[in-house]
Amino acid sequence: MLSFWRALLREAGLTGAARTRSADTTVPSREEQPVEPVEQVTEVPVPSPAPVGGAPTEPLSLPQERESLSQEREEAATRTVTGTAQAPVPTAGMRAASLERTLRSLVERLGTEHPDTITARNNLATKYAQMGRRQAAVQQFELTLAEAVAVFGEEHPRTEIIRENLAWAYEDAGRPADAAGQWEMLLRERERQFGSSDEDTVEARMRLAVCYRRSGRLDAAVAHYERAIEDVASTQRREELRLGLSAAQSMSGRYEDAIAQLRMVLAGRRRRLGKGHLDTLTVHHRLGRAYTQAGRPDDAAEVLRDAYRVALNSSGDPEVRRLTLRLRRDLAGAYNAAGRHREASALL
C-alpha cells in the first residue's frame, strides 16, 4: 500500500521529499527542506519532521533553520565586493519579504481563496516557522487551512498537508492541546484511507499521543502509545514509542509500568547498538532515575552504578562525557537515598 504522503502527492500532483520522524525523544528538532518560491508560487511543501533519537522529550520543532536578525546583520557585514558589484546573498528575512510581496499581489489580483493564494500563504507560513516566528507562522497556517477547507474541502490532499503543517506549528508554539485537535482529524482520515498499520497513520497516532501527554491527558496518551506500539512495524520506532509510553506512565504515577518499558528498550538497544552507545546509555540512565521515582533506591543505585561504569569506559564522545557527569550526580543521590553516605561522598 502506498504510504499516506506518496498517495497524497500522486493524487494532488505535488512533489516533495518525505522525511522520517522519530518518536518522542529528548530534543525534537526538525529540519525541513521545502521548496522556497520567491516571486512565484509553485507547490504546497510537504512538512518534513527531523529524526530524534535518544531519551524521550518533545519533538519536535517545526523550524528548520532559525536565522536571527543579528545573524542577518552579520551576514550583511561580512559580504565583500570584488571588482564589479555583486548581488547580496538573500537572507531569511529577505526571502520572507519576497514571499510577503507575492502573497499581497495574489490577494489583490485573485482574492484570498484562489489556489495560488492559498499556496503562497502556506509558503510564507513555512518561512516564518523556519525563522522561529512561531506566532506569525501559526496565524498564517490557520488562515491557510480555513481557506483550503473552503476551496478544496476537508479531505483534499492539499488541505491535509496544510493541516499537518498547522499541527506542527502549534506544537512548536507550545500549544499541544490545539495540535492534538489537528492530529485527531489527521489520524481519523489516515485510518479510514490506509488502515491503522500504515506508517503515516502510526505517525499521526504517535504525534497525538505526544500532544496528549504534553497537555496532561495522560490516560489518552498511554492508550495511543500502546496502540501505536501494536501497529508499528519498525523495531527502532517501537523502541521510541516505548520511551514515550514510559514517560506518560511515569507522569501518571505508574512507575513500575514505566520501568518495564525502559527495561525492554534497554535490552533491545544493547543488542542493536552495544552497551556503550550514547542512545543505550541514555536509556540506562533513565531506567535508574525511574527506580528512584518508584522509591526503590537500592535498585536505582545498582542500575546507575552499572551505567556510570560503562560510561566511564566509553567517554571518548563529548555527549557521553556530559552524560557521565549526570550519572555521577544521580548515582550519588541514589547512594544517599539508600543510606550509603560514604559511597555518595566519594562521588561528590
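Just so you know, residue 1 is the first one in the sequence shown, and it goes up from there.
The main-chain N or O of Val283 is never found under 3.5 Å from a side-chain atom of Arg269 such that the two would form a donor-acceptor pair. Of the possible polar contacts, none joining the Thr117 side chain to the Glu113 backbone as a donor-acceptor pair under 3.5 Å is found. The closest donor-acceptor contact from the side chain of Ser250 to the backbone of Tyr255 lies at 3.5 Å or more, if one exists at all. No donor-acceptor pair under 3.5 Å is formed between the side chain of Thr201 and the backbone N or O of Ser197. The backbone N or O of Ala129 sits nowhere less than 3.5 Å from a side-chain atom of Arg134 that would complete a donor-acceptor pair. Of the possible polar contacts, one joining the Ser246 side chain to the Leu243 backbone as a donor-acceptor pair under 3.5 Å is found. The backbone N or O of Phe152 sits nowhere less than 3.5 Å from a side-chain atom of Thr159 that would complete a donor-acceptor pair.
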Stepwise, does the side chain to side chain contact (heavy atoms under 4.5 Å, CB included) test hold for Leu103 with Gln140? CA-CA 11 Å; Leu103 177 59; Gln140 293 299 324; 4.1 Å; yes
Going through the distances and angles, do Asp200 and Phe194 end up as a side chain to side chain contact (heavy atoms under 4.5 Å, CB included)? CA-CA 9 Å; Asp200 293 300; Phe194 306 109; over 6 Å; no
Give the intermediate values and the outcome of side chain to side chain contact (heavy atoms under 4.5 Å, CB included) for residues Arg205 and Glu191. CA-CA 10 Å; Arg205 189 182 298 282; Glu191 278 190 309; 2.5 Å; yes
Salt bridge (charged side-chain N to carboxylate O under 4.0 Å, His left out) between Arg322 and Glu319: does it pass, once the steps are laid out? CA-CA 5 Å; Arg322 280 191 280 271; Glu319 293 297 323; 2.3 Å; yes
Assess whether side chain to side chain contact (heavy atoms under 4.5 Å, CB included) is satisfied between Lys127 and Asn123, documenting all intermediate values. CA-CA 6 Å; Lys127 176 51 64 182; Asn123 291 337; over 6 Å; no
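Nearest heavy atoms, Arg214 versus Pro176: CB-CB, 3.7 Å. Gly288 and Ala300 make their closest contact through O-CB, 3.5 Å (heavy atoms, listed as atom of the first residue, atom of the second, distance). For Gly274 against Thr280, the heavy-atom pair with the smallest separation is O-OG1, 2.9 Å. When all heavy atoms are compared, the tightest approach of Ser314 to Gly276 is OG-CA, 3.5 Å. Taking all atoms of both residues into account, the shortest heavy-atom contact from Glu239 to Val265 is O-CG2, 3.6 Å. Minimum heavy-atom separation, Cys211 to Ala179: SG-CB, 3.6 Å.
For the pair Arg272 and Gln236, the minimum side-chain heavy-atom distance is below 4.5 Å. Looking only at side-chain heavy atoms (C-beta outward), Leu106 and His114 stay at 4.5 Å or farther from each other. Using a 4.5 Å heavy-atom cutoff, the side chains of Ile259 and Arg296 are in contact. Taking the side chain as every heavy atom from C-beta outward, Arg263 and Leu266 never approach each other to under 4.5 Å. For the pair Lys275/His284, no side-chain contact is recorded, criterion being any heavy-atom separation below 4.5 Å from C-beta on. Considering only heavy atoms from C-beta on, Asp178 stays 4.5 Å or farther from Val138 through its side chain. Residues Pro318 and Arg321 form a side-chain contact, since some pair of their non-hydrogen atoms from C-beta on lies under 4.5 Å apart. Side chains of Glu160 and Gln193 form a contact here, defined as non-hydrogen atoms less than 4.5 Å apart.
If you take CG on Asn122 and CZ on Arg158, they are separated by 9.5 Å, rounding to the nearest 0.5 Å. Note that CD1 of Ile229 is 5.5 Å distant from CG of Leu241, once rounded to the nearest 0.5 Å. Considering CG of Leu287 and CD of Gln261, their distance stands at 12.0 Å, rounded to 0.5 Å. Note that the NE2 atom of His224 and the OH atom of Tyr212 stand 4.5 Å from one another [nearest 0.5 Å]. Here the CG-CD1 distance, from Leu166 to Ile161, works out to 14.0 Å after rounding to the nearest 0.5 Å. Atoms OH and CG, on Tyr225 and Leu218 in that order, are 10.0 Å from each other to the nearest 0.5 Å.
Ion pairing of Glu189 with Arg192 is present here, as a side-chain N (NZ or NE/NH1/NH2) and a carboxylate O approach within less than 4.0 Å. Salt bridge status for Glu154 with Arg163: present, with a side-chain N to carboxylate O gap under 4.0 Å. Checked for salt-bridge contact, Arg237 and Glu240 meet the test: a charged N lies under 4.0 Å from a carboxylate O. With salt bridges taken as basic N to acidic carboxylate O contacts below 4.0 Å, one links Glu164 and Arg190. The existence of a salt bridge linking Glu343 and Arg305 is excluded, since no basic side-chain nitrogen approaches an acidic carboxylate oxygen closer than 4.0 Å.
In this pair, Trp183 and Trp168 present their aromatic rings perpendicular. The plane angle is above 60°, beyond the 30 to 60° band.
For Glu142, the salt bridge (Lys or Arg N to Asp or Glu O under 4.0 Å) partners are Arg175, not counting sequence neighbours.
By the 4.5 Å side-chain criterion applied to Ile, Leu, Val, Met, Phe, Trp and Tyr, Leu278 is assigned to a cluster that also includes Leu281, Leu304, Tyr308, Val310, Leu312, Val320, Leu323, Leu327, Leu331, Tyr335, Leu347.
Each salt bridge (Lys or Arg N to Asp or Glu O under 4.0 Å) pair with one or both residues in residues 216-231, not counting sequence neighbours, appears once here: Glu184-Arg217, Arg227-Asp231.
Enclosure of atom CZ in Arg289 is not indicated, since only 12 or fewer non-hydrogen atoms of other residues, nucleotides or ligands lie within 6.0 angstrom. For Arg271, the CZ atom counts as loosely surrounded, since its 6.0 Å shell holds 12 or fewer non-hydrogen atoms of other residues, nucleotides or ligands.
Under the 4.5 Å side-chain heavy-atom criterion for ILVMFWY residues, a single connected hydrophobic cluster contains both Ile118 and Val149. The hydrophobic clustering, which links ILVMFWY residues whose side-chain heavy atoms are closer than 4.5 Å, places Val107 and Tyr128 together.
Side-chain atoms of Asn336 and His341 form a donor-acceptor pair, as typed in the model, at a separation below 3.5 Å.
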